[in-house]
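Right, one structure below, let's go through it.
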There are 2 protein chains.
Amino acid sequence: MNTLAEENYLKSIYHLSFDAETVSTNQIAALLNTKAASVSDMLKKLADKELVNYAKYQGASLTPAGKKIAVSIIRKHRLWEYFLVEKLNFKWDEVHDMAEEMEHISSTELIDRLDKFMGYPRRDPHGDPIPDSNGNFKNHKLAPVATVKVNASCVISGVSDHSPIFLQYLEKHKLTIGKTINVIDVIEYDNSMIIQTEDNKIHISRDVANNLLII
Amino acid sequence: MNTLAEENYLKSIYHLSFDAETVSTNQIAALLNTKAASVSDMLKKLADKELVNYAKYQGASLTPAGKKIAVSIIRKHRLWEYFLVEKLNFKWDEVHDMAEEMEHISSTELIDRLDKFMGYPRRDPHGDPIPDSNGNFKNHKLAPVATVKVNASCVISGVSDHSPIFLQYLEKHKLTIGKTINVIDVIEYDNSMIIQTEDNKIHISRDVANNLLII
DNA sequence: TAAAAAATTTAGACAAGTCTAAATTTTAAT
DNA sequence: ATTAAAATTTAGACTTGTCTAAATTTTTTA
C-alpha cells in the first residue's frame with residue numbers, strides 16, 4: 001500500500017483543496033509542519049504514482065485515485081474519533097492525536113465492521129461528516145457564526161479549528177454541537193459578538209466566531 | 001518514543017526469551033523475516049538506548065526498561081485481538097495481522113480505557129494471558145497435547161502457532177479454547193494421536209499435538 | 001515592464017533501517 | 001587441538017523522507 005508519509009500528504013492536499021482547485025507547496029508544508037523542499041520531493045513521487053496531478057511551480061491536486069485514498073483515511077479518522085468519544089468516553093478535545101495514528105490502520109474490513117458496531121454514525125464528535133464505505137458523503141461547507149446577522153438564531157454544527165485549546169474553550173462555555181444560539185449584538189470595533197445560548201449570554205471574539213460553524 | 005522497528009525487535013526478543021536466557025541474532029532474524037546483519041545493527045542501537053543487554057557474538061536479552069516496553073506492546077496486541085473478536089466479530093484466525101498494526105498505537109490511556117470497556121479480559125482469543133496496566137500477568141507455560149498420556153483428559157487452553165492455517169484447522173475440528181479432550185491412543189510410528197473431543201473423535205498429527213496447548 | 005520579493009525547485013547531505021558480500025568469531029567435529 | 005562449519009559482525013550501498021543552502025521561476029510592485 002502507501003506509506004504513512006504519503007497518506008498524510010494526500011490527506012493534507014484533500015483538506016486544502018476545499019477552498020481552491022490547486023494547492024501550493026507552501027500550504028502543504030505549513031499544514032504538515034515540514035519544509036517546502038520536502039513537499040516538492042514528495043509531490044514528484046505522488047505524481048509518479050498517479051495519486052496527484054502536479055506541474056512544477058503550479059501546485060498540486062488529487063487524482064481520483066489519490067482522492068479515494070484521502071477520503072478513506074478521513075473515514076477512518078472520523079470513525080475512530082467517534083469510537084473514542086462514544087465508547088471509550090474521551091472528550092472531544094482529547095481524541096485528535098490518537099485518531100491521527102489510528103487512521104493509518106490499513107484494514108478496510110476492520111473499519112467497516114467498526115462502522116457497523118457503532119450503528120453507522122453520520123458525523124464525528126466535531127460535527128464533521130463521516131464518509132460511508134464507498135467514500136460517499138455530503139461535504140457541504142458550513143457557515144461560521146461570524147456571518148450570522150443580529151437577532152438571527154442558528155444551531156452549532158461544527159468547528160473549523162480542531163485544536164484542544166479551542167475545543168476546551170467551547171466546552172467550558174457549553175458551545176457544543178447541537179446547541180442553539182442567538183446573536184444579540186455585533187461590536188463594530190473588533191467584530192466580536194454577544195450571543196445568547198441555551199445556557200447563558202457570552203461575548204465571543206471574531207476568532208471564535210470564525211471557527212465556530214453553524215447550519 | 002520508540003520507532004516501529006524498535007518495538008518489533010523488543011517484542012521478538014521478549015517472545016524468544018521464553019525458552020532461553022539469551023537470544024541469538026539468527027533467531028531474531030528468522031522471527032522478523034530479516035537478515036542477521038540488520039539484527040546486529042539494531043541490537044547495537046537498542047543497547048545504546050539501554051533497552052537490551054548485548055555483547056558481540058553473545059546474543060541479547062532485554063533490560064528491565066526494554067522488557068517493560070515489550071510487555072506493553074503485548075498488552076496492546078492482545079487487548080486489540082480481544083476487541084476484534086468480541087466486539088467486531090472477527091474470527092480468531094483473522095485478527096493477528098490487524099493487531100500487529102494496532103499494537104503500535106502509542107496512547108496507554110487509550111489502551112487502559114479499552115481494557116475497561118471490555119471488562120478487563122484476562123486472556124486473548126488464543127488463550128494468551130493479557131498483562132494488566134502495570135504489566136503484571138501470569139505467563140506460566142502451558143503443556144502441549146503431545147505430552148498427555150493415553151486415557152488422560154485435559155482442557156484446550158492455548159496454541160503455540162498463531163498462523164491462520166493452523167487456527168482454521170482447529171476451528172474446523174472444533175478444537176477451540178475451553179474444549180475438553182481425552183487422549184484415546186498414541187500411534188508409536190509417527191507419534192500422531194487419536195483424541196476424543198466433546199463433539200467427535202479425531203486423529204491429529206504430531207505437529208498439531210505439539211502446537212495445541214492444555215492445562 | 002523591469003526590478004524586487006516571494007514561492008518553489010534542485011543539489012547535496014543526513015538518519016533510519018535494510019541489504020549483500022566479505023571478514024571475523026564461535027562452535028562442532030575429527 | 002586444529003580445522004571445518006556455522007553464526008555473527010563489518011563495510012559499503014540503497015531507499016525513504018527529511019533538511020539547508022543555492023538556484024530558478026513566478027508574482028508583485030512601482
Side-chain angles (χ1 to χ4, degrees), chain A residues 1-17 19-62 66 69-70 73 100-101 103-104 106, chain B residues 1-17 19-62 66 69-70 73 100-101 103-104 106:
Chain A
M1 255 296 258
N2 307 285
T3 67
L4 198 148
E6 286 172 345
E7 293 190 347
N8 285 332
Y9 273 89
L10 294 174
K11 187 180 52 154
S12 295
I13 297 168
Y14 181 89
H15 284 310
L16 293 168
S17 297
D19 299 308
E21 265 308 293
T22 171
V23 171
S24 80
T25 302
N26 267 356
Q27 280 178 292
I28 300 169
L31 192 57
L32 283 176
N33 250 295
T34 183
K35 298 293 141 103
S38 311
V39 176
S40 286
D41 287 347
M42 183 58 95
L43 288 179
K44 235 174 295 172
K45 284 182 210 163
L46 292 172
D48 284 348
K49 288 190 162 192
E50 302 190 50
L51 298 174
V52 308
N53 307 115
Y54 171 57
K56 279 204 269 183
Y57 296 101
Q58 309 302 270
S61 63
L62 294 177
I69 294 169
I73 293 164
E100 206 76 359
E101 288 184 62
E103 72 191 8
H104 300 290
S106 59
Chain B
M1 254 296 260
N2 308 284
T3 67
L4 196 147
E6 286 172 345
E7 292 190 348
N8 284 331
Y9 273 89
L10 294 174
K11 187 179 52 153
S12 295
I13 297 168
Y14 182 89
H15 283 310
L16 293 168
S17 298
D19 298 307
E21 265 308 293
T22 171
V23 171
S24 80
T25 301
N26 266 356
Q27 281 179 292
I28 299 169
L31 191 58
L32 283 175
N33 250 295
T34 183
K35 298 293 142 105
S38 311
V39 176
S40 286
D41 286 348
M42 183 57 94
L43 288 179
K44 236 174 294 173
K45 285 182 210 161
L46 292 172
D48 285 349
K49 289 189 161 194
E50 302 191 50
L51 298 174
V52 308
N53 306 115
Y54 171 57
K56 280 205 269 186
Y57 296 102
Q58 308 305 159
S61 64
L62 295 177
I69 294 169
I73 294 164
E100 206 75 1
E101 288 184 62
E103 72 191 8
H104 300 289
S106 59

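In the text below, chain A, chain B and the rest are named by the order of the sequence lines, each starting its count at 1.
- Contact annotation: A:Ser24 reaches the phosphate of C:dT8 (side-chain N/O to OP1 or OP2, under 4.0 Å).
- Side-chain proximity of A:Ala5 to C:dA16, D:dG17, C:dT26: nearest is D:dG17.
- Rounded to whole Å, the distance from CG on B:Leu43 to C1' on D:dA7 is 13 Å.
- When heavy atoms are screened at a 4.0 angstrom cut-off, B:Thr25 is found touching the sugar-phosphate backbone but no base atom.
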Exercise. Going through the distances and angles, do B:Glu7 and B:Leu10 end up as a side-chain contact (heavy atoms from CB on, under 4.5 Å)?
Worked result: CA-CA 5 Å; B:Glu7 292 190 348; B:Leu10 294 174; 5.6 Å; no
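- Side-chain atoms of A:Lys49 and A:Lys45, non-hydrogen and from C-beta on, never get closer than 4.5 Å to each other.
- Distance CG (A:Asp41) to P (D:dT16): 12 Å, rounded to an integer number of Å.
- When each of A:Asn33 and B:Ser40 is assigned the nucleotide of DNA chain D with its nearest heavy atom, B:Ser40 is the one assigned upstream, toward the 5' end.
- Of all non-hydrogen atoms in B:Ala70 and B:Leu62, the two that sit nearest each other are CB-CD1, 4.1 Å.
- Atom P of nucleotide C:dT25 and atom OH of B:Tyr54 are separated by 13 Å, given to the nearest angstrom.
- Using a 4.0 Å heavy-atom cutoff across all strands shown, B:Lys44 reaches sugar-phosphate atoms only and no base atom.
- Atom CE in A:Met42 sits roughly 17 Å away from atom C1' in C:dT8 (whole-Å rounding).
- Dashed line: the shortest gap from a side-chain N or O of B:Ser38 to OP1 or OP2 of C:dT18 is not under 4.0 Å.
- The side chain of B:Asn26 contributes no N or O atom lying less than 4.0 Å from OP1 or OP2 of D:dA6.
- Distance CD (B:Glu6) to P (C:dT18): 10 Å, rounded to an integer number of Å.
- Between A:Tyr9 and the phosphate of D:dT18, there is a side-chain N or O to OP1/OP2 separation shorter than 4.0 Å.
- Remark: B:Lys35 is in phosphate contact with C:dT20, judged by side-chain N or O atoms under 4.0 Å from OP1 or OP2.
- For the pair A:Asn2 CG and D:dT15 P, the interatomic distance rounds to 19 Å; values are reported in whole Å.
- Following rounding to the nearest Å, B:Ile28 (CD1) and D:dA7 (C1') show an atom-to-atom distance of 13 Å.
- Look at CG on A:Asn8: it is 14 Å from C1' on D:dT18, rounded to the nearest Å.
- Between C:dA6 and A:Tyr57, no contact under 4.0 Å exists linking OP1 or OP2 to a side-chain N or O.
- When distances are taken from the side chain of B:Thr34 to each of D:dT9, D:dT25, C:dT18, the shortest belongs to C:dT18.
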Problem set entry | Stepwise side-chain contact (heavy atoms from CB on, under 4.5 Å) check, A:Lys11 with A:Glu100 | CA-CA 11 Å; A:Lys11 187 180 52 154; A:Glu100 206 76 359; 2.7 Å; yes
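- Both A:Gln58 and A:Lys45 sit near DNA chain D, but only A:Lys45 has its closest nucleotide nearer the 5' end.
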For this session: List the steps and the verdict of side-chain contact (heavy atoms from CB on, under 4.5 Å) for A:Asn2 and A:His104.
Result: CA-CA 10 Å; A:Asn2 307 285; A:His104 300 290; over 6 Å; no
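- For D:dT10, one of the phosphate oxygens OP1 or OP2 lies less than 4.0 angstrom from a side-chain nitrogen or oxygen of B:Lys56.
- Closest approach of B:Ile28 to B:Val23, counting heavy atoms only: CG1-CG1, 3.5 Å.
- Side chain of B:Thr3, nearest nucleotide from C:dT10, C:dA16, D:dT9: C:dA16.
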